[in-house]
Amino acid sequence: MSAAHDHAAHGHAAHDHHDDIGYHATVKGYAVGFLLSVVLTAIPFWLVMGKVLPASATGVVILAFAAVQMLVHMVYFLHLNAKVEGGWSLLALLFTAALVLIMLSGSIWVMYHMNANMMPMDPQTMRHMP
Amino acid sequence: MTATAPVFYDDGSHHPQQGTLLGFWLYLMSDCLIFAVLFACYAVLGRSYAAGPSGADLFDLPIVATNTALLLLSSITYGFAMIGMQHGRTKAVLGWLAVTGLFGLGFLSLELFEFAHLIHEGAGPQRSAFLSSFFTLVGTHGLHVTFGCIWLVTLMFQVSKMGLTHENKRRLVCLSMFWHFLDVVWIGVFTFVYLMGVLK
């Protein structure tokens with residue numbers, strides 16, 4: 001819709017040279033991304049299902065694997081880099097990531113302390129709460 | 001109102017190809033915030049079992065692993081569709097899109113099976129705060145995949161009717177971002193909800 005509008009508004013041929021929509025995928029990129037994500041998925045499942053490490057260590061390790069795998073997906077599947085849309089895509093992502101980080105860590109931190117300061121209550125009492 | 005014609009110093013020649021892809025990316029970022037809020041909810045409520053079942057009692061990791069595999073495979077088959085698009089091969093695009101859609105449907109049916117099983121066992125969303133936040137988070141992701149599948153079928157019809165026009169290519173790129181984005185969210189779901197839920 002907007003591209004059609006652009007063409008009508010500007011009448012520029014420059015807007016659709018080679019019908020280029022600014023998207024360049026390669027078989028190699030997808031293959032590398034896929035192999036990496038298979039490995040990065042399989043290891044956390046193996047760690048949890050095989051009970052390889054103590055539970056607390058496993059939690060930290062699989063979170064780290066998830067973070068790396070998200071980056072792999074961003075780079076190889078979403079084709080994100082500093083040049084896409086003149087850097088605006090990356091900037092929007094970084095801004096979102098900052099918001100998400102503040103929101104997640106803030107919520108968990110605040111609510112953890114709220115819970116810790118609550119009056120202890122057994123499930124039986126809890127069930128008869130108003 | 002004066003009659004002077006407005007003068008535009010920006011003739012548009014330095015613009016990106018179109019604003020759609022950036023706009024769609026911004027939409028995805030806002031969608032990311034929705035998921036972040038739901039993740040935060042789950043992080044806060046995920047251990048409030050109300051004397052009900054916990055994740056370790058309920059989650060069936062082989063099903064989750066299968067679901068993850070289906071979604072990963074659908075990502076690479078969508079990638080093959082995009083590569084077909086770049087080479088202008090309509091039939092390859094349609095074929096790979098169909099395969100992607102089937103993986104998506106497989107994912108959805110497994111997830112619905114899991115949900116039905118949980119509800120049948122009395123572990124529905126009303127059972128505890130943990131299950132409410134679980135169903136909201138995972139259900140929202142499933143809803144996104146559902147709409148992705150509908151969009152995918154729509155695009156298959158459009159591509160088969162009109163071929164790989166400029167507009168259709170743009171739509172295919174948008175759906176590819178949507179589809180891969182859902183895969184990124186799923187990484188968070190299977191790690192934070194399922195794997196870490198089973199740990200304790």
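What you see is a predicted model; the values in this text were computed from it and never measured. Here is how names work: the chains are called A, B, and so on, in the same order as the sequence lines, proteins then strands, and each is numbered from 1.
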Quiz item: Side chain, backbone, both or neither: which part of B/Val185 has a heavy atom under 4.5 Å from chain A?
Solution: neither

Practice problem: Report yes or no: do B/Thr68 and A/Thr41 form a side-chain donor-acceptor pair below 3.5 Å? | Solution: no

Quiz prompt | Which portion of B/Thr191 sits near chain A, non-hydrogen atoms under 4.5 angstrom | solution = both

Quiz item: Between A/Val72, A/Leu78, A/Leu99, A/Val110, which shows the greatest number of heavy-atom pairs under 4.5 Å with chain B?
Solution: A/Leu78

Quiz item: Angle class for the B/His141/B/Phe107 ring planes (parallel below 30°, perpendicular above 60°, tilted otherwise)?
Solution: perpendicular

Practice problem: Start with the C-alpha gap between A/Trp88 and B/Trp25, add the side-chain angles, then the distance that decides, and say whether side-chain contact (heavy atoms from CB on, under 4.5 Å) holds. | Solution: CA-CA 10 Å; A/Trp88 287 105; B/Trp25 181 254; over 6 Å; no

Quiz item: Is it the side chain or the backbone of A/Leu47 that comes within 4.5 Å of chain B heavy atoms, both, or neither?
Solution: neither

Quiz item: B/Ala65 versus chain A, heavy atoms under 4.5 Å apart: side chain, backbone, both or neither?
Solution: both

Self-check item: Chi angles and distances behind the ring pair (Phe, Tyr, Trp, His ring centres under 6.0 Å) call for B/Phe134, B/Phe59
Solution: CA-CA 11 Å; B/Phe134 165 80; B/Phe59 297 151; 5.2 Å; yes

Exercise. Could you have a look at B/Ser30, B/Ala69, B/Ala36 and say which one has the most heavy-atom pairs with chain A under 4.5 angstrom?
Key: B/Ala36

Exercise. May I ask you to check whether B/Trp96 and B/Tyr78 place their ring centers less than 6.0 Å from one another?
Key: no

Practice problem: Mind ranking A/Gly59, A/Pro44, A/Ser89 by heavy-atom pairs under 4.5 Å with chain B and telling me who comes out on top? | Solution: A/Ser89

Practice problem: Please state whether the side chain, the backbone, both or neither of B/Leu26 comes within less than 4.5 Å of a heavy atom of chain A. | Solution: side chain

Quiz item: Is it the case that B/Ser74 and B/Trp179 place a side-chain donor and acceptor less than 3.5 Å from each other?
Solution: yes

Practice problem: Select, from A/Met114, A/Met103, A/His73, A/Met111, the one with the greatest count of heavy-atom pairs under 4.5 Å involving chain B. | Solution: A/His73

Self-check item: Choice from A/Met74, A/His79, A/Met49 maximising heavy atom contacts with chain B below 4.5 Å
Solution: A/Met49

Practice problem: Answer yes or no: is there a donor N or O on one side and an acceptor on the other, between the side chain of B/Asn168 and the main chain of B/Gln158, under 3.5 Å? | Solution: yes

Quiz item: Under a 4.5 Å heavy-atom cut-off, does chain A meet the side chain of B/Phe190, its backbone, both or neither?
Solution: side chain

Quiz item: Take atom CZ in B/Phe39; do more than 12 heavy atoms of anything else shown fall under 6.0 Å from it?
Solution: yes

Quiz prompt | Residue part contacting chain B, namely of A/Thr26, when any heavy atom lies under 4.5 Å | solution = backbone

